[in-house]
Protein chains: 2
Amino acid sequence: MELSATAKVILGMLAARPRSGYEIKQLVDNSTRFFWAASYGQIYPELKRLEKAGLISGTDAPHGGRQRTVFDLTREGRKRAEEWISRPPEVFELRDEGLLKLFFAGVTDAARTPEIARERAAHAHVIAGRLREVERSLDLDGDGGPAVSPDAGSLTTLRYGIELNEWAAAWFERAADELEQGAAEAAPAKTNA
Amino acid sequence: MELSATAKVILGMLAARPRSGYEIKQLVDNSTRFFWAASYGQIYPELKRLEKAGLISGTDAPHGGRQRTVFDLTREGRKRAEEWISRPPEVFELRDEGLLKLFFAGVTDAARTPEIARERAAHAHVIAGRLREVERSLDLDGDGGPAVSPDAGSLTTLRYGIELNEWAAAWFERAADELEQGAAEAAPAKTNA
DNA sequence: TTAAGCATGTAAGGTGTTACATGATTGA
DNA sequence: TCAATCATGTAACACCTTACATGCTTAA
């Protein structure tokens, strides 16, 4: 049985400790969401599949009358998770509408390429800001010292996200400047003094 | 009618000039593939949908007995394409298995985080190399001068891809060094002199 | 008492890949 | 003549999001 995208994130999240489907979703949403998302519609069915396959096992753990199932890795599940993590990465997919627009604007409306590059820069800036907030919330976690003490791996991915987006914002701003210059040189009549 | 992901890339590709489905696929594969992919299974059905919606129109253009349909934007299609390009970008999706592994390795096997970071660096390096080849093939296009003379927009996206991946490769190498140092400090007994 | 959050789940529909099928043309 | 490439298309399947449905608990 091949691990699906959702199976990978579930096994990884359970490697630290047992969790419910709901908890997994919350965790994904404020950690891996930017590079590996998952919805309820994927998580709950996948939990059942993984249990049937013997990689995880669920235990009833109600809160009062509120139903709750907590899943833990089986020995086999832990083996699979560790084996997966140790293999070199394969999946890398990107869908970047800003780049696509920039790509086409060169043909349809070269004059607006600088503007599009700046919009893409602004977008990167917003993402960097959101990630910075996550970082701050980790620093202040609880009420003083670092309550959860995020491990080195997750901190590294967070910093990567922040620095990557800041780099991209700067890059697109510079590209916009250059595109403006190029346009000015190519068509000086337009800015005729 | 909302534009699907494939509709966007088709309209954009047709903005420069009329093309067949096959040509669109080739173009996508050696230009936007890294940030906006499309398969035949999407392209051909989408061409039919777009024609039915009146955004493109097909003309028979066989090569000998080899069937071929070339599509062009209608006036309405061009309007939609330009309008789409002028709106700020919305879609930005990423699926990065290397980051996910790094994220989890902090918990399951902190000692291997540097190795995983280096694998991710190597991956970025490979992508940068492939894009550099595309860039070189543009320079040498045909047999001397730049035959196709890529426009500013597409050149910008290509350079972005190259520089982004080179930046990422360097970033992950540095992160690997730091993770190694951190591990050495946290568990000095292991490297006990 | 009521809103927010905890908790689980499914149905419908869209998106996308892969593999397959067909057949013509071109160059080695 | 044979492989590569041009060219179109579909069927099966996997993936994923959104919206909806249900019901409990906690704090305002």
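First the proteins, then the strands, lettered A, B, ... as listed; each starts at 1.
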Which whole-number value in Å describes the distance from [X] [atom1] to [N] [atom2]?
{"X": "Glu2(A)", "N": "dT18(C)", "atom1": "CD", "atom2": "P", "answer": "13 Å"}
{"X": "Ile24(B)", "N": "dG9(D)", "atom1": "CD1", "atom2": "P", "answer": "12 Å"}
{"X": "Tyr44(B)", "N": "dT17(C)", "atom1": "OH", "atom2": "C1'", "answer": "16 Å"}
{"X": "Glu46(B)", "N": "dT17(C)", "atom1": "CD", "atom2": "P", "answer": "13 Å"}
{"X": "Glu93(B)", "N": "dG14(C)", "atom1": "CD", "atom2": "P", "answer": "17 Å"}
{"X": "Ile43(A)", "N": "dT10(C)", "atom1": "CD1", "atom2": "C1'", "answer": "15 Å"}
{"X": "Trp36(B)", "N": "dT17(C)", "atom1": "CH2", "atom2": "P", "answer": "12 Å"}
{"X": "Asp29(A)", "N": "dT18(D)", "atom1": "CG", "atom2": "P", "answer": "11 Å"}

Measuring to OP1 and OP2 of [N], would you say a side-chain N or O of [X] lies under 4.0 angstrom away?
{"X": "Tyr40(B)", "N": "dG9(D)", "answer": "no"}
{"X": "Tyr22(A)", "N": "dT8(C)", "answer": "no"}
{"X": "Arg66(B)", "N": "dT25(C)", "answer": "no"}
{"X": "Gln42(B)", "N": "dT15(C)", "answer": "no"}
{"X": "Thr6(B)", "N": "dG16(C)", "answer": "yes"}
{"X": "Arg95(B)", "N": "dC16(D)", "answer": "yes"}

>> Reading DNA chain D from 5' onward, which residue's closest nucleotide shows up sooner: Phe71(B) or Ser4(A)?
In response: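 Of the two residues, Phe71(B) wins.
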
> Which sits closer to the 5' end of DNA chain D, Ala38(A) or His63(B), going by the nucleotide each is nearest to?
Replying inline: His63(B)

Heavy atoms only, 4.0 Å cut-off, all strands: where does [X] land among base, sugar-phosphate and nothing?
{"X": "Lys48(A)", "value": "sugar-phosphate"}
{"X": "Gly65(B)", "value": "sugar-phosphate"}
{"X": "Gly21(B)", "value": "sugar-phosphate"}
{"X": "Ser20(B)", "value": "sugar-phosphate"}

> How about Trp84(A) and Glu97(B): does a side-chain donor come under 3.5 Å of a side-chain acceptor?
Replying inline: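 Glu97(B) and Trp84(A) do have a side-chain donor-acceptor pair below 3.5 Å.
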
>> If you count every heavy atom of other residues, nucleotides or ligands that lies below 6.0 Å from Arg87(B) atom CZ, does the total exceed 12?
In response: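 Yes.
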
> Counting side-chain heavy atoms from C-beta on, which of dT10(C), dT18(C), dT8(C) comes nearest to Pro45(A)?
Replying inline: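 Nearest nucleotide to the side chain: dT10(C).
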
> Can you tell which of dA7(C), dA7(D), dT10(C) lies closest to the side chain of Arg68(A)?
Replying inline: dA7(C)

> Can you check whether Glu166(A) reaches Ile162(A) side chain to side chain, under 4.5 Å on heavy atoms?
Replying inline: yes

> Phe103(B) versus Thr156(A): any side-chain heavy-atom pair under 4.5 Å?
Replying inline: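 In short, these two side chains do not touch, never coming nearer than 4.5 Å.
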
> With no hydrogens and no angle check, is any side-chain donor or acceptor of Glu51(A) less than 3.5 Å from a backbone partner on Gly58(A)?
Replying inline: yes

>> Would you call the rings of Trp171(B) and Tyr160(A) parallel, tilted or perpendicular, taking 30° and 60° as the class edges?
In response: perpendicular

